[in-house]
**Q** 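Okay, handing you the structure first.
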Amino acid sequence: MKFGGNAVADVERIRHVARDIVKQMQKKREEKKGNDPASNQIVVVVSAIKGVTDDLIKVCDSIMGGECSRVDSIIHSIEERHRSIASNLCNDGSYTSELSSIIDALIKEMNDLLKGMMLLNEVTPRSRDYLLSFGERLIAPMLCYALKDVGVEAEHLTGKDAGIVTDSNYGDARPLMDTTRLRVRHKIMPMLEHGVVPVVTGFIGSDQHGNITTLGRGGSDYTATIIASCIDADEVMLWTDVDGLMTADPKIVKDAQVLREVSYAEAMEMALFGAKYLHPRALEPILDKGIPIRIRNVFNLECQGTTIMKSPTAYPSKIVKAVTAIRNVSLIDVRGSSMVGSPGTAGRIFNVLGEHRINIIMISQGPSESSISMVVRKSDLDKAVNALELNLLGRLIKGINVTDDVAIIAVVGAGMRGTKGVAARVFKAVADRGINVIMIAQGSSELNLAFVVEDRYAEGAVKALHDEFELDRINQ
Ligand SMILES: Nc1ncnc2c1ncn2[C@@H]1O[C@H](COP(=O)(O)OP(=O)(O)O)[C@@H](O)[C@H]1O
Ligand SMILES: N[C@@H](CC(=O)OP(=O)(O)O)C(=O)O
């Protein structure tokens with residue numbers, strides 16, 4: 001069971017999560033009538049309080065910008081928030097003092113690290129991951145003690161303690177699954193057999209040298225599926241603050257509906273295109289084993305949520321199941337006559353961006369070959385343009401155009417495969433709302449059709465497509 005950052009934002013929510021875990025354990029025991037000793041074994045994975053990882057990233061930026069007072073004020077508010085939770089969470093006084101001293105020790109370690117980083121005025125990928133890890137490391141002991149306080153035996157572990165070993169690609173590390181499987185089983189299985197609930201920090205692992213690494217934004221989902229695969233779990237539950245995967249972001253479309261079932265492939269497309277910030281690689285570890293994932297709302301236990309599975313049977317006649325939007329992205333257009341007919345052009349452009357660790361979200365090249373359009377995160381824009389200017393401008397490419405405030409809109413659904421007329425419906429619906437399409441891409445899997453609009457039209461485009469494919473009536 002993985003709990004996202006919204007679910008653990010304050011004392012009340014953490015207590016609620018602890019009670020939810022107890023309920024789920026009881027439910028499992030009843031379902032299996034207690035015959036199976038593994039019937040109520042649960043591993044808990046938890047994310048940093050929503051916003052804390054973002055704040056720690058701001059701290060890194062401020063260190064590099066030499067803004068010490070900004071660092072102090074952000075860190076001060078993180079410390080106060082966690083100290084206050086630690087002192088108000090448990091009813092048992094001895095737990096309160098144990099928890100407070102754990103939190104104090106972590107805060108001291110974080111400040112020691114910050115002192116070093118500030119002294120050097122330097123943030124390396126390795127020190128950045130080490131600092132970001134404190135978001136999760138500060139919350140896991142809280143949930144662990146909340147469980148102890150309601151009578152559940154629990155132990156908190158970092159991803160590193162739990163046995164997640166990764167490569168050294170800081171900021172976006174990948175698990176080395178064979179080693180991880182051995183270590184996770186060795187650590188977690190005995191705890192489960194002894195009736196102890198492991199409470200593991202999401203998002204973090206460690207490389208082979210023992211340095212802390214992070215698995216990329218949204219990486220707690222990934223932690224949950226890595227562990228599930230290692231211990232052959234029956235299922236993975238991702239507990240969040242919405243009822244499940246929905247036909248659109250409920251913050252944009254008021255009558256968005258919960259999808260009862262989607263396939264692994266559809267969920268992966270939805271994740272890649274921004275619906276519920278599911279980690280794009282989170283499904284990889286459980287695909288082969290076919291372990292189902294359930295997305296559920298921790299604040300609405302009545303709702304059964306969404307099941308992500310191999311072969312869903314719901315909605316057999318639906319062409320499109322969801323409309324998604326990726327905001328905060330920018331479009332880079334590179335052009336030049338020497339790009340025409342010259343093999344390796346795209347390779348050279350993508351290499352330069354790859355060397356600067358810039359992820360390209362969407363690519364399009366017209367048959368005239370004289371321009372290539374790419375969408376990158378807004379936060380990567382400066383770095384990307386800089387890298388292209390320094391390495392290729394005046395040689396391979398003659399000009400770079402930037403549109404810095406765009407959004408990618410995508411329609412997703414396995415029913416699109418081989419169905420004629422989907423693109424016509426999509427672009428007519430958008431044009432009828434007076435929205436101009438800047439760039440288009442469709443993968444050959446035909447599971448999605450994606451296009452770019454100016455960001456101010458993003459919500460209008462999502463609503464238009466939700467209406468066009470009658471997604472508000474999907475469950476009728
Ligand atoms: N299609 C969608 N279905 C469900 N949620 C969506 C969708 N698109 C965007 N969201 C947003 O994703 C949020 C949940 O993702 P996230 O904040 O990463 O959760 P967590 O912190 O629990 O992992 C919701 O609050 C919702 O606004
Ligand atoms: N805290 C990390 C990892 C994570 O998965 O968070 P969440 O479950 O709240 O999306 C992040 O913000 O990226």
Side-chain angles (χ1 to χ4, degrees), residues 1-9 13 17 44-58 78 128-129 131-140 159 171-173 200-205 213-226 236-260 262 266-267 269-282 293-300 303 305-306 308 320-327 407-413 448 458-459 462 465-466 471 474:
M1 296 173 73
K2 174 257 173 175
F3 294 87
N6 282 315
V8 289
R13 287 182 182 214
V17 164
V44 173
V45 172
V46 65
S47 298
I49 295 177
K50 199 73 176 176
V52 169
T53 308
D54 289 332
D55 282 347
L56 291 169
I57 290 172
K58 282 184 206 145
I78 293 177
R128 188 176 198 267
D129 272 9
L131 184 64
L132 295 195
S133 75
F134 283 97
E136 270 69 14
R137 289 169 67 199
L138 283 163
I139 200 70
D172 198 18
V200 184
T201 59
F203 186 50
I204 59 184
T213 53
T214 63
L215 304 172
R217 295 307 305 271
S220 300
D221 298 335
Y222 202 11
T223 304
T225 55
I226 292 167
V236 178
M237 287 186 176
L238 303 179
W239 292 90
T240 180
D241 64 338
V242 283
D243 283 344
L245 270 185
M246 305 187 79
T247 50
D249 186 344
K251 287 173 189 139
I252 298 180
V253 179
K254 271 205 271 331
D255 52 10
Q257 303 293 309
V258 178
L259 292 160
R260 288 194 302 276
V262 295
E266 287 169 324
E269 297 288 330
M270 289 176 74
L272 286 170
F273 284 103
K276 156 88 183 72
Y277 201 28
L278 187 66
H279 191 290
R281 289 198 303 276
I293 296 189
R294 290 218 277 149
I295 300 187
R296 297 194 56 188
N297 188 346
V298 72
F299 306 113
N300 181 13
C303 181
T306 304
I308 305 174
V320 167
K321 288 191 191 149
V323 188
T324 67
I326 305 184
R327 315 290 291 266
I408 302 175
I409 312 294
V411 291
V412 177
N448 74 68
E459 299 198 353
V462 170
L465 294 168
H466 202 265
L471 295 178
I474 196 164

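Whatever order the structure lists them in is the order used to number ligands and atoms, beginning at 1. Please read all numbers here as calculations on a predicted model, not as lab measurements.
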**Q** Between R327 and D249 (salt bridge meaning N to carboxylate O under 4.0 Å), is one present in this structure?
**A** no

**Q** Pick one of side chain, backbone, both or neither for how S220 approaches ligand 2, counting any non-hydrogen atom pair under 4.0 Å.
**A** both

**Q** Is K254 close to H466 at the side-chain level, that is, under 4.5 Å between some pair of heavy atoms?
**A** no

**Q** Check for me whether A256 has a heavy atom closer than 4.0 Å to any atom of ligand 1.
**A** no

**Q** Just let me know how M246 lines up against ligand 1, side chain, backbone, both or neither, with a heavy-atom cut-off below 4.0 Å.
**A** both

**Q** Among the heavy atoms of H279, does any lie under 4.0 Å from an atom of ligand 2?
**A** no

**Q** Of all the heavy atoms in G5, does at least one lie under 4.0 Å from an atom in ligand 1?
**A** yes

**Q** Less than 4.5 Å apart, side chain to side chain, heavy atoms only: is that true for V17 and W239?
**A** no

**Q** Quick one: look at S220 and ligand 1, take heavy-atom pairs under 4.0 Å, and tell me if it's side chain, backbone, both or neither.
**A** neither

**Q** Is there any N or O on L245 that sits under 3.5 Å from an N or O of ligand 1?
**A** no

**Q** Looking only at distances, can you tell me whether any N or O atom of G216, backbone or side chain, sits closer than 3.5 Å to an N or O atom of ligand 2?
**A** no

**Q** Any heavy atom of G218 sitting closer than 4.0 Å to ligand 2?
**A** yes

**Q** Measure the shortest side-chain to side-chain distance between T223 and D221 over non-hydrogen atoms and say whether it is less than 4.5 angstrom.
**A** no

**Q** Could you tell me whether the side chain of K2 reaches within less than 4.5 Å of the side chain of V46, counting heavy atoms only?
**A** no

**Q** Can we say R281 and D172 salt-bridge, meaning some charged N sits less than 4.0 Å from an Asp/Glu carboxylate O?
**A** yes

**Q** N/O to N/O below 3.5 Å, does that happen between T247 and ligand 1?
**A** no

**Q** So is S47 touching ligand 1 or not, going by heavy atoms under 4.0 Å?
**A** no

**Q** Atom 5 (N) of ligand 1: which of V242, D243, V412 has the nearest heavy atom?
**A** V242

**Q** Counting heavy atoms only, which of V258, L259, T240 comes nearest to atom 22 (O) of ligand 1?
**A** T240

**Q** Would you say L215 and I204 make side-chain contact, with heavy atoms under 4.5 Å?
**A** no

**Q** Is there a heavy atom of G202 sitting under 4.0 angstrom from any atom of ligand 2?
**A** no

**Q** Are the side chains of T225 and I293 in contact, using a 4.5 Å heavy-atom criterion?
**A** yes

**Q** Quick one: does D221 get an N or O within less than 3.5 Å of an N or O on ligand 2?
**A** no

**Q** Is the shortest heavy-atom distance from the side chain of T214 to the side chain of R128 under 4.5 Å?
**A** no

**Q** Would you say that R294 contacts V236 through its side chain, given a criterion of any heavy-atom pair below 4.5 Å between the two side chains?
**A** no

**Q** In Å, rounded to the nearest 0.5 Å, how long is the span from CG of N300 to CG of D241?
**A** 11.5 Å

**Q** If I apply the N/O under 3.5 Å rule, does D249 come out as touching ligand 1?
**A** yes

**Q** Record the part of K321 in heavy-atom contact with ligand 1 below 4.0 Å; permitted values are side chain, backbone, both and neither.
**A** neither

**Q** Should T324 be listed as contacting ligand 1, given a heavy-atom distance under 4.0 Å as the test?
**A** no

